[in-house]
Amino acid sequence: MSTLYPQNNASRMTIDLGGVWDFRFQGDESWQPIAVPASYNDQSTDPRFRNRAGITEYRRKITLPAAWKGMRVCLRFDAAAHNARILLNGKEIGFHRGGFLPFEVELNGLMRPGETAELTVETDNRINHDTLPIGTEGETAFFGSDNPGIPAVEAGKRMQQERGINRPAFDFFNYTGIQRPVRLVATPRKYIRDITLVPSLNGAVRFSVETAGTDAPAHVEILDAEGISVARCDGWEGILQIPEPRLWEPWPGTPYLYTARVTYGDDLYEQPFGIREVKVEGTRFLINGKPFRFHGPCKHEDSPFHGRGTDPCLNVTDINLYHWLNANCFRTSHYPYAEEMYQLCDREGIVIVDETPAVGMWASEQYGWNLADYHLQVLKDMIARDKNHPCVVMWSLGNEPDTDSQPEKAYEYWHPLYEAAHRLDPQDRPVTVVGCQNRYDRDKVICSMDVVLINRYYGWYNLSGDLEAAKYAFRTELEWWETQHKPVILSEYGADTIAGLHGAVAEMFTEEYQVAFYEAMSECLDERDFVIGEMPWNFADFATCQGPMRVGGNRKGLFTRDRRPKMAAHWFRERWKNL
Ligand code: GCB
């Protein structure tokens, strides 16, 4: 398995399998068209596309070019949600657990160049206590109350169980299917499997190259942004020295990128990277030795038609809206995003907090669910995939787990993951896990992280509509954090807002309230030096599960789902211009 993103160059070839495939729910007779990559859920008016829990089948023919003779050939899925079984001419050739990270299936020995075969991909959208993200296994609905104990409601719930329910334990629509690109990839048989780069500010770049085969050492050459060779060396590992190094700086600085051009036998891979250092010192977060303040809304991969499907046009539009907002960062709430987004952020200087799909762990029983090994594997795969991106400055182990009802148990679960992230990351970035609104004074996990990330909804879910009380409460909490001597980021805060709903008096759901809410919270944030970041929830309105607290999705966006700014977007644009 190679973790390298597929590349077309003088020695590697890819064929993009995007297009219209055949699709059906397992058990159906007939096939229908479906677009890949995209979530399948919004592509039909058949309610099963939105509601059905189970396996779906995708099918198409693939042909290996005759010219690929003598090469290593594999299928590369950038992701398939949540579990995927891959079949060639009806025979299983691969299985992958988890819906947000890439995997490969080798085709050598299964198909010869020049041959055509039928590829079937079964994706499973079911979520439960063994998946990340988590699904509730028949417990209380995420939104609203299920009135436990009322006989008629209990009867209704039993009926739901029998029909098979698939309830997310998280607040976003459970989009699934082949949501990211699929490619046929050909490399030389003896190929470059992985490249790791650890640059330092003085221009020294520690590198290691993993190859399949070891007959001749790899050759590494560094090219500057103009393509001029500035350093070179032979070997599988070593240190290269770039003279007069130019740094990768977050926006509005220059995100300067170099390329490591690695050759090994007949193979070639060009890995972009940036020179930048990330460090936590006292209550400061330093990028290249300079204090960095995070300001930018959290995101989702979410848009009309595509659902969670990769869409380069949407990515570019969104990042340009980040520039328009004067924002400099986002968190990949609540799962690792498609690789193209990190490439874009490397290039555009937008900083990323990279999050695992460990979301929905808000029940303390989670610590008895046996998830730790799988969670560790996902963390490992995420770091392996994203380790060379200069835009990634911090790892988030997950979102809003229960950390205060059994503080010791929670610590036993999260601390090994924290240590693993440090051990696994060659660049040793800071590590965090995002805390929910809880008994912070009992919590042992959140304050043990390198940076404290807290989601707070004073003035929305609690003290609703009363911003004076919300400010008082938030200040009370911030006073407590001051005693912990840690850098703190407000990693979520927001108010549902229906675009176009106005009020002369700022009341909940109006655009005026959203602005007043952010004014109030900002007033508290600005008083504290140890608060090093603000990440409003959310960049744009997004689809989520049905429930009495959601009107056509989660409406906490600064933008509507079709990316029109609400008043609050204009407000942040002004605020961040001056930060
Ligand atoms: C949270 C969650 C996020 C939700 C948000 C909300 O704390 O982390 O996934 O969407 O609150 O709007 O309720």
Side-chain angles (χ1 to χ4, degrees), residues 100 127 132-136 140-145 167-175 296-302 308 330-337 353-363 366 396-404 432-440 443 445-446 449 452-465 470 473-474 477 488-499 508-509 513-514 517-518 521 533-561 566 568:
F100 299 95
I127 38 178
L132 293 176
I134 303 279
T136 63
T140 319
F142 183 53
F143 293 130
S145 159
R167 272 194 183 144
F170 47 85
D171 179 22
F172 48 91
F173 189 81
N174 185 31
Y175 279 120
C298 294
K299 270 185 112 302
H300 261 299
E301 289 186 319
D302 176 274
R308 193 146 288 122
F330 63 86
R331 172 164 65 105
T332 67
S333 38
H334 294 308
Y335 37 81
Y337 288 3
V353 179
D354 205 4
E355 186 158 284
T356 77
V359 55
M361 303 176 73
W362 38 263
Q366 74 201 43
S396 161
L397 303 172
N399 182 66
E400 298 197 340
D402 178 321
T403 43
D404 62 337
T432 192
V433 59
V434 175
C436 61
Q437 192 135 23
N438 70 355
R439 282 291 305 271
Y440 49 85
D443 196 317
V445 173
I446 302 304
M449 296 290 143
V452 168
L453 267 72
I454 48 173
N455 298 346
R456 293 296 181 262
Y457 287 92
Y458 295 114
W460 188 256
Y461 289 120
N462 52 55
L463 310 167
S464 314
F474 189 34
E477 177 171 354
V488 171
I489 296 176
L490 186 57
S491 43
E492 273 183 35
Y493 58 127
D496 282 87
T497 305
I498 308 300
M508 291 174 80
F509 295 99
Y513 189 81
Q514 192 180 27
F517 172 91
Y518 283 123
M521 293 299 112
E534 54 192 54
M535 299 179 149
W537 187 259
N538 184 284
F539 167 66
D541 293 348
F542 59 90
T544 186
C545 3
Q546 299 185 68
M549 294 208 300
R550 294 291 180 261
V551 188
N554 185 311
R555 300 296 194 109
K556 294 192 188 71
L558 303 183
F559 293 82
T560 59
R561 199 176 186 217
K566 300 181 191 171

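Sequential numbering from 1 along the given sequence is applied to the chain's residues. Whatever order the structure lists them in is the order used to number ligands and atoms, beginning at 1.
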Classify the angle between the aromatic ring planes of W460 and F509 as parallel (below 30°), tilted (30 to 60°) or perpendicular (above 60°).
perpendicular
Just to be sure I read this right, does ligand 1 sit under 4.0 Å from the backbone of H334, its side chain, both, or neither, counting only heavy atoms?
side chain
For R456, all residues meeting salt bridge (charged side-chain N to carboxylate O under 4.0 Å, His left out), sequence neighbours excluded
E477
Within the structure, is a non-hydrogen atom of F170 found at a distance of less than 4.0 Å from ligand 1?
no
Would you call the rings of Y458 and F474 parallel, tilted or perpendicular, where under 30° means parallel and over 60° means perpendicular?
tilted
Distance filter under 4.0 Å to R550 heavy atoms, resulting ligand 1 atoms
6 (C), 12 (O), 13 (O)
Ligand-side contact atoms (ligand 1) for residue partner N554, heavy atom cut-off under 4.0 Å:
6 (C), 10 (O), 12 (O)
Out of all atoms in ligand 1, which are within 4.0 Å of some heavy atom of F542? Include the element for each.
10 (O)
Would you say the ring centroid of Y335 lies under 6.0 angstrom from that of F172?
yes
Element-labelled atoms of ligand 1 that are located less than 4.0 Å from some non-hydrogen atom of Y457
1 (C), 5 (C), 6 (C), 7 (O), 11 (O)
For N399, which part has a heavy atom under 4.0 Å from ligand 1: side chain, backbone, both, or neither?
side chain
If you measure from atom 7 (O) of ligand 1 to every heavy atom of E400, H300, M549, which option wins on shortest distance?
E400
Distance-only polar pair, side chains of N554 and T544, donor-acceptor under 3.5 Å:
no
Quick note on ligand 1: atoms under 4.0 Å from a heavy atom of N455 include exactly 8 (O)
Give the single entry among W460, Y493, Y461 that approaches atom 13 (O) of ligand 1 most closely by any heavy atom.
Y461
Nearest-0.5 Å distance that lies between atom CG in D402 and atom SG in C436
7.0 Å
Working to the nearest 0.5 Å, report the span between CZ of F542 and NE2 of H300.
4.0 Å
